[in-house]
Novice: 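Structure below; questions to follow.
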Amino acid sequence: MITNDKLFIGGEWTAPSDPTPLDIVSPHDQSVLGRVVQALPADIDRAVAAARTAFDEGPWPRTSPEKRIAVLRRLNALREARADEVAEVISAENGSALWFTRAGQPGVGRLAVSYLKAAEEFGWEETLTPSDPSAPFRSIVRREPIGVVAAIIPWNSPFSASMAKIVPALLAGNTVVLKVSPENSLSMSLLADMLAEAGLPSGVISVLPADRETSEYLVKHPGVDKIAFTGSTAAGRRIASLAGERLKRVSLELGGKSAAVILPDAVLADVIAGLKFGSLLNNGEACIAQTRILAPRSRYDEVVAGLKEMMESLVVGDPADEKTFIGPMVRPGQQQRVRDYIELGVAEGARLVTGGSEVPVGLDKGNYVTPTLFADVDGEMRIAQEEIFGPVLVVMPYDDEDDAVRIANDSEYGLSGVWSADEEHALAVARRMRTGTVTVNGAPIGFDGPFGGFKASGVGREYGAAGLAQYVELKTVTVPAR
């Protein structure tokens, strides 16, 4: 039982404006895991004021990049030292299988290292070579921090989402108000403890669990210069609208309905094994999950049968059990959303191959969903176009490669995958996809290259130098030529 009656504001644990705690409930059995206070607009005001003062008057924006790198490297080391504890808390509060949250911790470390390496090599100040040697001036380009960053993250992967934003924002010299979901109040308290120990100056960062209304208050706050958001496309559109009205900088990492294009020469056993993770990671609650399976008509029945066998073999249950592959949805509302989509698929005329909207036997206390596979899905169906965010896959047939690319691109989202025995062939297809991130044959997403989606999957990029660049302003200073 974890309790916390304080909020982490400006680098210190302090009394909240409302001391009433929120029960953090297990998605597995509805038991109370902890009680944690939540932020209200008055707390947002205090956090933004602290960040504003720290940016305008404090040392952090004027600290050398080398010293900022040292602080963020220390933060990552603190996180690594508590990785097992972090994984257990996230699994308990989110319903993510413990094997998954444990397996994800090294990836969070690699994510942080990608930013640290980029910061070491970043051109913080550069003198340009004039295109015209006779020009009477020379230009100096500086990359400077933007100001106060409001970083807003979802519940499905809290540590990776938070580190993907606060590490580059802080490396660039910004100050940060991190708004986290109420469901992650416990794990984000651990992050706040690490930030307190890392050695940041006063006021530089706050970590506040809060509801959507308080989130919107933060987005609209006049003291905030940039919003960095990960979450649903609907929420991203709202944030972009609010930011546009106020000319705030904004970067958005949004939803997905990723296609997995299985080319005719693919080794099916490898594909099915890869999609077990690539399509159903984190209980299917991931924007990069490849939930639209595109299969050639020549192998369609074979693909459907293979997916059916794989999905029926998945262990659904207590996320703390090492055998569990699919845990509960994060909250009852998400469970109902997924079940509603399953019923919608049946109503739209898709063929229900396995699963269904019934709760798995013996798991009625938790937010569980039966892994569900639909076949004979038409591109016009909502289950083919809309992000479900749960363990639901749809299989769609295609005639030839052009047809496969057309179907893959027939989406408002822009994240995808390709499977083929011929890597060069897969790369050729990947180049034709209108997506910001494409994985080939189940390769994991790297952290040195930019991550993000085309179209409604986002604006801007994360990871590495491209991600760091989202948190700086470009300033050009011209001086007379020597």
Side-chain angles (χ1 to χ4, degrees), residues 7-14 39 41-75 115-116 118-119 122-125 141-153 162-180 188 191-192 194-208 210 214-215 217-229 239 242-243 246-251 460 462 467-477:
L7 292 172
F8 189 73
I9 296 178
E12 297 180 357
W13 289 105
T14 184
D43 304 301
I44 296 293
D45 287 338
R46 292 162 59 202
V48 173
R52 187 81 265 162
T53 299
F55 184 80
D56 293 339
E57 304 172 16
W60 187 248
R62 287 155 281 280
T63 299
S64 70
E66 291 76 18
K67 290 182 179 179
R68 294 199 296 257
I69 289 168
V71 172
L72 273 300
R73 184 170 284 115
R74 185 157 54 249
L75 172 65
Y115 284 124
L116 293 167
F122 210 56
W124 297 104
E125 181 169 305
V141 176
R142 290 177 49 81
R143 290 170 174 82
E144 299 184 352
I146 295 171
V148 176
V149 174
I152 302 171
I153 64 167
S162 59
M163 294 288 278
K165 289 173 172 48
I166 66 173
V167 171
L170 293 172
L171 283 171
N174 299 286
T175 57
V176 180
V177 178
L178 175 65
K179 204 294 297 184
V180 304
M188 292 294 94
L191 176 61
M194 297 171 198
L195 288 162
E197 193 177 345
L200 291 160
S202 176
V204 167
I205 192 161
S206 301
V207 180
L208 300 177
T214 304
S215 260
Y217 182 82
L218 173 61
V219 168
K220 295 189 291 187
H221 201 291
V224 169
D225 300 298
K226 173 184 168 68
I227 301 117
F229 173 76
I239 288 171
L242 294 171
R246 295 159 177 80
L247 291 180
K248 294 178 186 287
R249 289 6 180 200
V250 64
S251 52
E462 294 189 320
L468 181 57
Q470 302 292 310
Y471 294 90
V472 297
E473 293 274 27
L474 291 172
K475 175 191 286 184
T476 301
V477 181

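We're numbering straight along the sequence, starting at 1. In this text the structure is predicted, and so the values were computed from the model without any measurement.
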Novice: Only one of Val176, Thr63, Val71, Leu170 passes side-chain contact (heavy atoms from CB on, under 4.5 Å) with Val204; say which it is.
Specialist: Leu170

Novice: Would you compute the distance between atom CG of Leu468 and atom CZ of Phe122 and round it to the nearest 0.5 angstrom?
Specialist: 4.0 Å

Novice: According to salt bridge (charged side-chain N to carboxylate O under 4.0 Å, His left out), does anything in residues 47-73 pair up with another residue at least two apart or in another chain? List the pairs.
Specialist: Arg52-Asp56, Arg52-Asp225, Arg73-Glu120

Novice: Above 12 or not: heavy atoms from other molecules or residues under 6.0 Å from CD of Glu125?
Specialist: yes

Novice: What distance do Leu191 atom CG and Ile166 atom CD1 have between them, rounded to the nearest 0.5 Å?
Specialist: 5.0 Å

Novice: So if I apply the side-chain hydrogen bond (donor to acceptor under 3.5 Å, both in side chains) rule between Ser251 and each of Lys226, Glu462, Gln470, Lys165, which one comes out positive?
Specialist: Lys226

Novice: So, does Lys248 use its side chain to make a donor-acceptor pair with the main chain of His221 at under 3.5 Å?
Specialist: yes

Novice: Evaluate the side-chain proximity of Leu171 to Tyr471: yes if any heavy-atom separation is below 4.5 Å, no if none is.
Specialist: no

Novice: I need the Asp45 CG to Tyr217 OH distance, nearest 0.5 Å.
Specialist: 3.0 Å

Novice: Quick test of your reading: applying salt bridge (charged side-chain N to carboxylate O under 4.0 Å, His left out), list the pairs with at least one residue in residues 194-205, sequence neighbours left out, ordered by first then second residue.
Specialist: none

Novice: Does atom CZ of Arg249 have more than 12 heavy-atom neighbours from other groups under 6.0 Å away?
Specialist: no

Novice: To the nearest 0.5 Å, how far apart are OG in Ser162 and CD1 in Ile152?
Specialist: 13.5 Å

Novice: Under 3.5 Å, is there a donor-acceptor pair between the side chain of Thr214 and the main chain of Ala210?
Specialist: no

Novice: Under the 3.5 angstrom rule, does the side chain of Arg143 hit a backbone N or O of Val472 as a donor-acceptor pair?
Specialist: no

Novice: Tell me whether Asn174 contacts the main-chain N or O of Pro145 through its side chain, where contact means a donor paired with an acceptor under 3.5 Å.
Specialist: no

Novice: Is there a side-chain contact between Trp124 and Arg142 (heavy atoms, below 4.5 Å)?
Specialist: no

Novice: Testing the basics here: between Leu242 and Arg246, what is the closest heavy-atom pair and its distance to 0.1 Å?
Specialist: O-NH1, 3.1 Å

Novice: For Ala42, is there any backbone N or O sitting under 3.5 Å from a side-chain donor or acceptor partner on Arg46?
Specialist: no

Novice: Just by modelled atom types, is the Ala196 backbone N or O under 3.5 Å from a matching donor or acceptor in the Trp13 side chain?
Specialist: no

Novice: One pair to check against side-chain contact (heavy atoms from CB on, under 4.5 Å): Val224 and Val177. What are the steps and the verdict?
Specialist: CA-CA 9 Å; Val224 169; Val177 178; 5.9 Å; no

Novice: Taking the side chain as every heavy atom from C-beta outward, state whether Met188 and Leu208 have any atom pair closer than 4.5 Å.
Specialist: no

Novice: Looking at Ile9, is its backbone amide N or carbonyl O close enough to the side chain of Ser206 to form a donor-acceptor pair, meaning the two atoms are under 3.5 Å apart?
Specialist: no

Novice: Side-chain contact, heavy-atom cut-off 4.5 Å: Leu195 with Phe8?
Specialist: yes

